[in-house]
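Below: one structure, written as structure tokens.
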Amino acid sequence: MLCATLVALPAPAVAAPEPAPPRSEPLLAGYPVRETVWVDTGLDGDGNGTTDRVAVDIARPRTDAPAPVIMDASPYYSCCGRGNESELKTYDEQGRPEGFPLFYDNYFVPRGYATVLVDLAGTNRSQGCADVGGPSDVTSARAVIDWLNGRAAGYDAATGGAEVGAGWATGDVGMIGKSYDGTIANGVAATGVEGLRTIVPIGAISSWYDYYRSDGVSFGANPSGLADTVEEGGRPGCEPVKQRLDEGAPASGDVTGLWTERDHAAGAGNVRASVFAVHGLNDLNVKTVQFGQWWDALARHDVRRKVWLSQTGHVDPFDFRRAEWVEVLHRWFDHELLGLDNGIDTEPAASVERAPDEWSDEPGWAGESAEATALHPVPGPAEGLGGISAAPAPPGARTAFTDDPRQDEHDWARHPDAASPARALFTSAPLAQDLRLAGTGSISVTASPATSSAHLSALLVDYGPATTRDHLGDGEGIRTLDSESCWGESREGDDACYRDTEATTTDVDYQVLSRGWADLANHASLSAETPLEPGTSYEMTFRLATTDHVIPAGHRLGLIIGGTDSAFIVAPDEPGRVELGLAGTSASLPVVGGPAAAAEAGLFAPAEGTAGVRPDRLPARPLVRLNGDGFAR
């Protein structure tokens with residue numbers, strides 16, 4: 001008989017699964033505490049002899065554990081609404097807050113956070129006057145952070161009332177908001193207030209001058225109009241505030257004390273909070289220079305930072321990348337406000353949308369490492385058409401355009417191979433390989449106006465076929481659908497469900513990558529115009545808006561210089577012919593890889609039909625040198 005012996009063999013080793021990163025979970029179900037506290041700002045904006053109190057609507061967990069705060073300070077809670085569905089604050093019959101715009105309370109309160117929505121001074125239930133980016137705006141939000149940390153007084157009524165503390169709060173605050181709201185976050189962070197741990201500015205302003213003006217030209221509006229809107233027609237005692245806004249914002253476009261007071265980027269050295277910035281690369285409302293100068297200032301001061309850059313216009317990431325946004329924002333706040341070691345600080349710090357819904361993650365934003373690369377326009381076979389070179393044009397080389405205030409950038413960009421009297425256009429040869437621009441550029445011009453006033457516009461254009469988000473459409477790159485998705489707990493009077501969106505796309509033959517505008521009369525200083533002498537040449541350098549764009553192989557890069565871009569700036573008093581001295585005209589572009597990458601891509605290869613002209617046939621002009629503060633601000 002055969003006997004079999006069974007031997008137990010050891011099981012193969014199985015690696016233990018990696019533990020999941022720590023995460024706040026929705027454990028605090030139930031109706032939260034909802035209340036309003038009025039915080040004393042210490043300011044008397046309406047001059048009635050008493051300090052103004054701002055209304056602070058709070059949703060917080062029903063628990064004894066102290067909660068960190070997610071705060072959105074806004075002027076829009078009653079006049080205009082927040083989010084893609086323009087939600088307003090609502091209140092019950094006793095005046096207690098009920099409906100909170102956006103999903104922050106629905107999603108984060110069950111996870112142990114408090115949500116605080118602040119009415120800026122002069123808006124909704126707050127006292128005082130709106131001053132559009134000034135001390136009243138910033139102090140409205142800063143005072144609330146001080147109250148949350150026991151440094152300011154809060155009350156249970158707008159006037160009189162009992163003093164109320166914030167013993168339920170840890171004192172750690174994260175500010176978030178789109179547009180004006182995100183701008184307030186930038187401004188408060190620039191004060192260095194203690195207790196503000198992080199900000200998430202979305203499509204936010206960093207300098208109010210650059211919202212209403214650009215290097216001496218006006219976009220045609222003034223802060224007083226916005227103040228009147230958010231005050232819903234104005235308030236008693238607030239007319240002097242609007243008068244000061246108008247007096248401090250001259251139509252000339254000069255930089256004044258009002259504008260420097262509202263330059264939050266200048267205060268980047270005070271920022272203690274981390275920054276998670278989001279901006280649309282095609283945002284024509286809060287233009288990309290707002291993000292670029294803020295980011296550069298934060299980088300100079302080594303502020304911890306993260307960024308998402310989309311192809312959209314002025315759109316919230318909740319509406320162009322919803323699920324990913326909620327997840328990343330959740331982890332960001334867990335790390336910054338709860339101190340959870342979830343690894344988000346070691347993940348890629350930059351995410352850039354390269355094509356509709358196609359994102360590229362990077363260790364850091366390439367705009368910090370891109371190298372300034374000089375691009376020189378050279379004359380071509382017809383006036384107003386030329387090429388691009390690594391070397392300056394010959395001395396005396398010139399071209400010209402005549403300012404036509406009826407035209408805009410698309411009139412100029414169409415038909416790149418046809419001459420137009422309204423602009424000068426310089427194009428490269430088709431690129432041999434991809435070329436990436438990332439960062440903020442500038443253009444320097446030598447210009448001779450035929451009249452006593454001249455406004456200038458400059459564009460960078462990618463010529464070639466592409467499918468992009470339709471940022472010029474009604475949704476600025478998104479379409480709102482009939483279906484809904486829910487993010488957090490819904491309660492009576494406060495729905496956590498929002499209509500879904502999808503990308504809208506369009507096929508194009510060219511894309512405007514960057515724009516800049518200037519008043520030649522500000523060639524010597526942005527603080528004061530200098531009268532122009534017709535026929536005299538002036539030098540001026542002005543900025544091109546921040547971009548991040550890959551120009552594909554086979555496409556051409558175009559540089560356009562014109563007068564009044566009717567889509568953006570007001571016309572000069574006397575629009576007329578402007579001659580450009582090409583030897584003294586150039587652009588400085590932020591090229592990833594620098595001049596070597598530009599040369600390898602064939603950016604400076606001679607374009608067909610751009611032979612130089614004879615310098616001896618072109619008259620010399622007297623030249624006024626750039627001096628004073630120029631555009632370096």
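Between W147 and A152, the shortest heavy-atom contact is CD1-O, 3.4 Å. Considering all non-hydrogen atoms of both residues, L120 and S140 come closest at CD2-CB, 3.8 Å. Nearest heavy-atom pair across A265 and A297 is O-CB, 3.7 Å. When all heavy atoms are compared, the tightest approach of A447 to V578 is CB-CG1, 3.9 Å. Closest approach of D181 to S74, counting heavy atoms only: OD1-OG, 2.9 Å. The two atoms that bring Q407 and A422 nearest to each other are OE1-CB, 3.6 Å, heavy atoms only.
A distance-only check finds a donor-acceptor pair linking the side chain of E87 to the backbone of L102 [under 3.5 Å]. Panel note: side chain T256, backbone A249; no donor-acceptor pair is recorded below 3.5 Å. In this structure, D411 contributes its side chain and D408 its backbone to a donor-acceptor pair below 3.5 Å. D131 places a side-chain N or O within donor-acceptor distance of the main-chain N or O of D137, the cut-off being under 3.5 Å.
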(Q) Working note: S224 + N222, criterion side-chain hydrogen bond (donor to acceptor under 3.5 Å, both in side chains); need CA distance, chi angles, decisive distance, verdict. (A) CA-CA 5 Å; S224 61; N222 257 18; 4.9 Å; no
(Q) W294 vs V271, test: side chain to side chain contact (heavy atoms under 4.5 Å, CB included). Steps then yes/no. (A) CA-CA 11 Å; W294 181 235; V271 175; 4.0 Å; yes
Q: Apply side chain to side chain contact (heavy atoms under 4.5 Å, CB included) to the pair V591 and L437, showing each step before the final yes or no.
A: CA-CA 5 Å; V591 174; L437 307 181; 3.6 Å; yes
Q) Between R272 and L196, does a side chain to side chain contact (heavy atoms under 4.5 Å, CB included) hold up when you go through it step by step? A) CA-CA 8 Å; R272 302 181 186 182; L196 182 60; over 6 Å; no
Q: For L385 and R423, run side chain to side chain contact (heavy atoms under 4.5 Å, CB included): C-alpha distance rounded to whole Å, both residues' side-chain angles, the deciding distance at 0.1 Å, then the answer.
A: CA-CA 9 Å; L385 286 180; R423 48 85 165 138; 3.9 Å; yes
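By the 4.0 Å N-to-carboxylate-O rule, R82 lies too far from D72 to be salt-bridged with it. Contact check on E383 versus R577 returns a salt bridge, with a Lys/Arg side-chain nitrogen under 4.0 Å from an Asp/Glu carboxylate oxygen. Using a 4.0 Å cut-off between charged nitrogen and carboxylate oxygen, D215 and R543 count as a salt-bridge pair. With respect to D210 and R213, no salt bridge is recorded, no charged nitrogen being found less than 4.0 Å from a carboxylate O. In summary, D46 and R235 do not engage in a salt bridge, as defined by a charged side-chain N under 4.0 Å from a carboxylate O.
Looking only at atom types and distance, the side chain of S179 has a donor-acceptor partner in the side chain of H314 under 3.5 Å away. A side-chain donor from one of Y211 and N285 sits under 3.5 Å from a side-chain acceptor of the other. Counting only N and O atoms by type, the side chains of T468 and Q511 include no donor and acceptor under 3.5 Å apart. Remark: the S206 side chain and the N186 side chain contain no N/O donor-acceptor pair separated by less than 3.5 Å. Residues D52 and T41 bring no donor and acceptor atom of their side chains to less than 3.5 Å of each other. Using a 3.5 Å distance cut-off with no hydrogens or angles, the side chains of T546 and T288 do not pair a donor with an acceptor.
The one candidate from V173, V118, V116, T191 that meets the side chain to side chain contact (heavy atoms under 4.5 Å, CB included) condition with I145 is V173. For the side chain to side chain donor-acceptor pair (under 3.5 Å) with S78, the qualifying choice from E232, K89, R125 is E232, the only one to do so.
Distance check, rounded to the nearest 0.5 Å: SG of C238 to CG of D228 gives 10.0 Å. Interatomic distance, L456 CG to I443 CD1, rounded to the nearest 0.5 Å: 8.5 Å. In this structure, OG1 in T585 is found 13.0 Å from CE in M540, a value given to the nearest 0.5 Å. Interatomic distance, NE2 of H455 versus CH2 of W517, reported as 13.5 Å (0.5 Å rounding). The CG atom of D404 sits 9.0 Å away from the CH2 atom of W412 when rounded to the nearest 0.5 Å. Distance OG1/T547 to CG/D462: 9.5 Å, rounded to 0.5 Å.
Ring-plane geometry between Y510 and H410 is classed as tilted, the angle between the planes lying from 30 to 60 degrees on a 0 to 90 degree scale. Classified by interplanar angle (parallel below 30°, tilted 30° to 60°, perpendicular above 60°), the ring pair F320/W308 is tilted. In this structure, W208 and Y180 have perpendicular ring planes: the angle between them is above 60°, well past the 30° mark.
Annotation: cation-pi geometry not satisfied between K287 and F568 (NZ/CZ under 6.0 angstrom from ring centroid, within 45° of ring axis).
Residues I561 and T399 form no side-chain contact, since every pair of their non-hydrogen atoms from C-beta on lies 4.5 Å or further apart. Contact of the L460 side chain with the L559 side chain is registered, since non-hydrogen atoms from C-beta on lie closer than 4.5 Å.
Heavy-atom neighbours of E247 CD from other residues, nucleotides or ligands within 6.0 Å: above the threshold of 12. In this structure, E533 places its CD atom where only 12 or fewer heavy-atom neighbours from other residues, nucleotides or ligands lie under 6.0 Å away.
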